[in-house]
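Worksheet: the structure to be examined is printed underneath.
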Amino acid sequence: MTDREERLARYLAAQHRDQATGSPAARMELAAAAREMEEHGEDIPEAMPS
C-alpha cells in the first residue's frame with residue numbers, strides 16, 4: 001500500500017468510527033487524519049449521504 005493509500009485508509013476508518021460512536025476521541029482521530037491528508041496536499045473525500 002502506498003503512503004497515500006494508507007492515509008486514505010486511516011481517514012476512512014476514523015470517519016467510520018466517528019459516525020458509529022460519535023465519541024470525542026473518534027472526532028479527534030478524524031480531525032488528525034484530515035489534517036495529515038491536507039498536509040500532503042490530498043483532497044479529503046466528501047461524506048456519503050446516509
Of all residues at least two apart in sequence or in a different chain, which pass the side chain to side chain contact (heavy atoms under 4.5 Å, CB included) check with Glu42?
Arg4, Arg7, Met37, His40
Listed by chain and number, what are the side chain to side chain contact (heavy atoms under 4.5 Å, CB included) partners of Ala26, not counting sequence neighbours?
Arg17, Asp18, Thr21, Ser23
How long is the straight-line distance from CD1 of Ile44 back to CG of Leu12, given to the nearest 0.5 Å?
11.0 Å
Going by chain and number, the hydrophobic cluster around Met1 (ILVMFWY, side chain to side chain under 4.5 Å) further includes none
Once you round to the nearest 0.5 Å, how far does CD of Gln15 lie from CD of Glu29?
11.5 Å
Can you name the residues that form a salt bridge (charged side-chain N to carboxylate O under 4.0 Å, His left out) with Arg10, not counting sequence neighbours?
Glu36
List the residues meeting salt bridge (charged side-chain N to carboxylate O under 4.0 Å, His left out) with Glu6, not counting sequence neighbours, and say none if there are none.
none
